[in-house]
Amino acid sequence: MAIAQDPSARPLTATGTDARNVDGQAICITVFSAVRWWGRAVLPAVFFIARRRRGDTTNLAKLAFIHFARWSLIRRLPGQTLRHPLLFFESNFNGGWEEYIDAFSRILTTGMKWFWGSSYGFPKPLPTGPFKDYIRRHELVASHFHCAYPQATTKIVLSALELDRELRAFRGRTRDMAPDAFAAEWKAFLGRVERSL
Amino acid sequence: MSADVAGQASALTVLTPIAPGREIELRMYLESLRTRPSPLKQLRRTHFGRFVVVPDLVAEGERGPDHLTSPQLLFTACLDGDLDSYLDELCDALAPEAQEIWGRCEGCPEPAQGAALKAYLADHRIRTGFFVAAYPGATVSEVTDAVDQRERLIAFAQDAQDMDPKTLQREFHRRFGN
C-alpha cells in the first residue's frame, strides 16, 4: 500500500506569485477589470446561470486545486459613480500561479469567455500567454492573506473529509468484532481508502 | 439561495475608501501582520481572508477610464455560516486590529468596534455574483480535524504494519476511539 510521506516534509507548491499572496500551500488571486456597457446586463445573467448549474461540478472537479472562488459586479463605489462597472474576481487555490491560469484557461475556456468577455482588453482564454499578461496587469497583491489550514491543499482537504466518512463507518462496523476479524476488516479498509492517504 | 452562499459557507466582500494620506501607513500595518499570527485566526469561522489595498483601476483602452477618487481597502472572507453573526464576531474579537485597519478609512466610526463598525462594514459590503466552494459542506473545524486525523491515520497505518490483531485493535481504539 502506498502511504503519503510525512506532511511536514511536503514541499510547498505555491509558486509564481508575490510572497504576500501566499500562506503555506495557498495562493490568492485578486483581479478587478472594467466592464463594457453590455456587461451590466449580461454578467448578472451569467452569474444566475452559473449558480443554477453549480451542481454540475464536472469541470470544477478537474480544477481540483481551487478551495473557493467568487465573482462580483461592482456598479458603484462609496462616493463615486463608475462610468464602467467593475468585475471583481478572487480565488483561493494551491499550486503554481502559471499552472493555475493554464488549467483555468484550458478547462473553463467557454465559461471564462462568459465571465470576462465583457471586460475591456480581455484577450480570450487561449492561447494562455496573452491571458496571463492580462491577469498580471489587473492583479493586485494582497497586503495580508490568511488561510486557516495553510499546509493542506484542496486535494488533501477533500481526501481527509472522505477519509473521515470512511473511518466513521469503519468504527461502527468493527465496534464489537473479535481481533482477527478486526484485523481483516482493517486490511480491507486500508485498501478502500488508499487513494485518500 | 443567496449568491453569497455555497452550502454552509458564505462569501463576504467589503470595499472601504482609505482616508486621504493614510494609504501607506495602512499598507505597512497590514504587511506587518505577516510577522505574527494573523488576527483573522481569532475568527475561527474564517477559511480564507485577505486585505488588499486598491490604489487605482487599470485602464484597458476604454473611453473615459475610471480612476478611484480615493484608494480603497478590500477585505474578503470565506467563512462558515451567516454573514450577520460573523460581522458581530469580527467587530467584537478584532476590535484592536479593526481600529488600526478600518480606523484609517473614510467614514469609519470612532472607535472602530461594535454595532457602529458592523453597520459601517455592512454599508460597504459588495454582493457576490457567483461563489463556488470545493467543500461547501465542511466548516473550518471539520476541515482542520479531518486533516489532522488523516495525518494521524497515515502514521498509524505505518506503525500498524507489524502489529498482531489484538494489539492492532487495542491501539486503533486508543488512537481513534471506539
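Proteins get letters first, then strands, A, B, ... in listed order; numbering begins at 1 in each.
- Using a 4.5 Å cut-off between heavy atoms, A:F89 does not touch chain B at all.
- Among the candidates B:L33, B:L153, B:V143, B:D66, the residue making the largest number of heavy-atom pairs closer than 4.5 Å to chain A is B:D66.
- Looking at A:V22, only its backbone comes within 4.5 Å of chain B, counting heavy atoms on both sides.
- Most heavy-atom pairs under 4.5 Å with chain B, from the set A:S72, A:G121, A:S143: that is A:S143.
- Sequence neighbours left out, the pairs with a member in residues 110-119 of chain B that pass salt bridge (charged side-chain N to carboxylate O under 4.0 Å, His left out) are B:D84-B:K118, B:D88-B:K118.
- Salt bridge B:D164/B:K166: absent, no basic N to carboxylate O contact under 4.0 Å.
- Rounded to the nearest 0.5 Å, atoms CG (B:L87) and CG (B:D92) are 12.5 Å apart.
- Note on B:R27, B:Q169, B:E31: by heavy-atom pairs under 4.5 Å with chain A, the leading option is B:Q169.
- Residue contact with chain B, scored on non-hydrogen atoms closer than 4.5 Å, involves the side chain of A:F115 exclusively.
- Using a 4.5 Å cut-off between heavy atoms, A:V193 does not touch chain B at all.
- Most heavy-atom pairs under 4.5 Å with chain A, from the set B:R170, B:E60, B:R50: that is B:R50.
- Of the atoms belonging to B:E106, not a single heavy atom falls under 4.5 Å from chain A.
- Using a 4.5 Å cut-off between heavy atoms, A:L161 contacts chain B through both its backbone and its side chain.
- For chain A, the option among B:T167, B:V140, B:I126 with the highest count of heavy-atom pairs below 4.5 Å is B:I126.
- A:H146 and B:T46 form no side-chain donor-acceptor contact under 3.5 Å, judged by distance and modelled atom types alone.
- Both the backbone and the side chain of B:T13 come within less than 4.5 Å of a heavy atom in chain A.
- Using a 3.5 Å distance cut-off with no hydrogens or angles, the side chains of A:T17 and A:N21 do pair a donor with an acceptor.
- The aromatic rings of B:Y135 and B:H47 sit tilted, their planes meeting at an angle between 30° and 60°.
- In terms of heavy-atom pairs under 4.5 Å with chain B, the best-connected choice from A:L163, A:L43, A:V157, A:L167 is A:V157.
- Within the 4.5 Å cutoff, the side chain of A:L140 has no heavy atoms near those of the A:V31 side chain.
- Using cut-offs of 30° and 60° for the angle between ring planes, the A:W186 and A:F182 rings count as parallel.
- Interface residue B:R63: only backbone heavy atoms are found under 4.5 Å from chain A.
- Contacts of A:F170 with chain B are made by side-chain atoms alone, with heavy-atom separations under 4.5 Å and no backbone atom involved.
- A heavy-atom distance below 4.5 Å is found between the side chains of B:E97 and B:Q42.
- Contact tally against chain A (heavy-atom pairs below 4.5 Å) for B:L43, B:L68, B:T144: the top residue is B:L68.
- Inspection of non-hydrogen atoms places B:L74, B:T76, B:A77, B:C78 of residues 74-82 of chain B under 4.5 Å from chain A.
- In this structure, chain A has a heavy atom under 4.5 Å from the side chain of B:L57, while its backbone stays farther away.
- Contact annotation for A:S33: neither backbone nor side-chain heavy atoms come within less than 4.5 Å of a heavy atom of chain B.
- Using a 4.5 Å cut-off between heavy atoms, B:A11 touches chain A through backbone and side chain atoms alike.
- In this structure, the portion of A:L77 lying under 4.5 Å from any heavy atom of chain B is its side chain and not its backbone.
- Taking the side chain as every heavy atom from C-beta outward, A:K132 and A:W97 approach each other to under 4.5 Å.
- A donor-acceptor contact under 3.5 angstrom links the side chains of B:D56 and B:H67, judged on distance only.
- Contact tally against chain B (heavy-atom pairs below 4.5 Å) for A:A142, A:A183, A:P78: the top residue is A:P78.
- At a 4.5 Å heavy-atom cutoff, the contact between A:F88 and chain B is made by side-chain atoms alone.
- Of the atoms belonging to A:Q80, it is side-chain heavy atoms, and not backbone ones, that fall under 4.5 Å from chain B.
- One hydrophobic cluster, built from ILVMFWY side chains closer than 4.5 Å, cannot hold both B:V53 and A:V141; they sit in different ones.
- Contact annotation for B:P65: only backbone heavy atoms (N, CA, C, O) come within less than 4.5 Å of a heavy atom of chain A.
- Taking chain A as the reference chain and counting heavy-atom pairs below 4.5 Å, the highest number among B:S70, B:G64, B:A133 is found for B:G64.
- Highest contact tally toward chain B, considering only A:G172, A:A69, A:S91, A:A184, is held by A:A69 [criterion: heavy-atom pairs under 4.5 Å].
- Both the backbone and the side chain of B:E62 come within contact range of chain A, judged by heavy atoms closer than 4.5 Å.
- For A:A178, the part lying under 4.5 angstrom from a heavy atom of chain B is the backbone only.
- In this structure, A:R70 satisfies the cation-pi test against B:F131, with its NZ or CZ atom closer than 6.0 Å to the six-membered ring centre and inside 45 degrees of the ring normal.
- Residues A:S159 and A:R195 form no side-chain contact, since every pair of their non-hydrogen atoms from C-beta on lies 4.5 Å or further apart.
- A salt bridge does not link A:E139 with A:R136: none of the charged nitrogens is closer than 4.0 Å to a carboxylate oxygen.
- Annotation: side chain of A:Y134 is in contact with side chain of A:S119 (closest heavy-atom distance under 4.5 Å).
- A salt bridge between B:D4 and B:R125 is present, with a side-chain N of the basic residue lying under 4.0 Å from a carboxylate O of the acidic one.
- For the options A:R137, A:E90, A:R75, A:E162, heavy-atom pairs under 4.5 Å to chain B are most numerous at A:E90.
- If you tally non-hydrogen atom pairs under 4.5 Å between each of A:F145, A:F32, A:F47 and chain B, the highest count goes to A:F47.
- Residues B:P136 and B:Q8 form no side-chain contact, since every pair of their non-hydrogen atoms from C-beta on lies 4.5 Å or further apart.
- Residues B:V132 and A:I29 are members of one and the same hydrophobic cluster, defined by side-chain heavy-atom contacts under 4.5 angstrom among Ile, Leu, Val, Met, Phe, Trp and Tyr.
- Between A:F122 and A:W116, the ring planes lie parallel to each other; the angle is under 30°, not in the 30° to 60° tilted range.
- In the hydrophobic clustering of ILVMFWY residues, with side-chain heavy atoms under 4.5 Å counting as a link, B:L40 and A:F68 come out apart.
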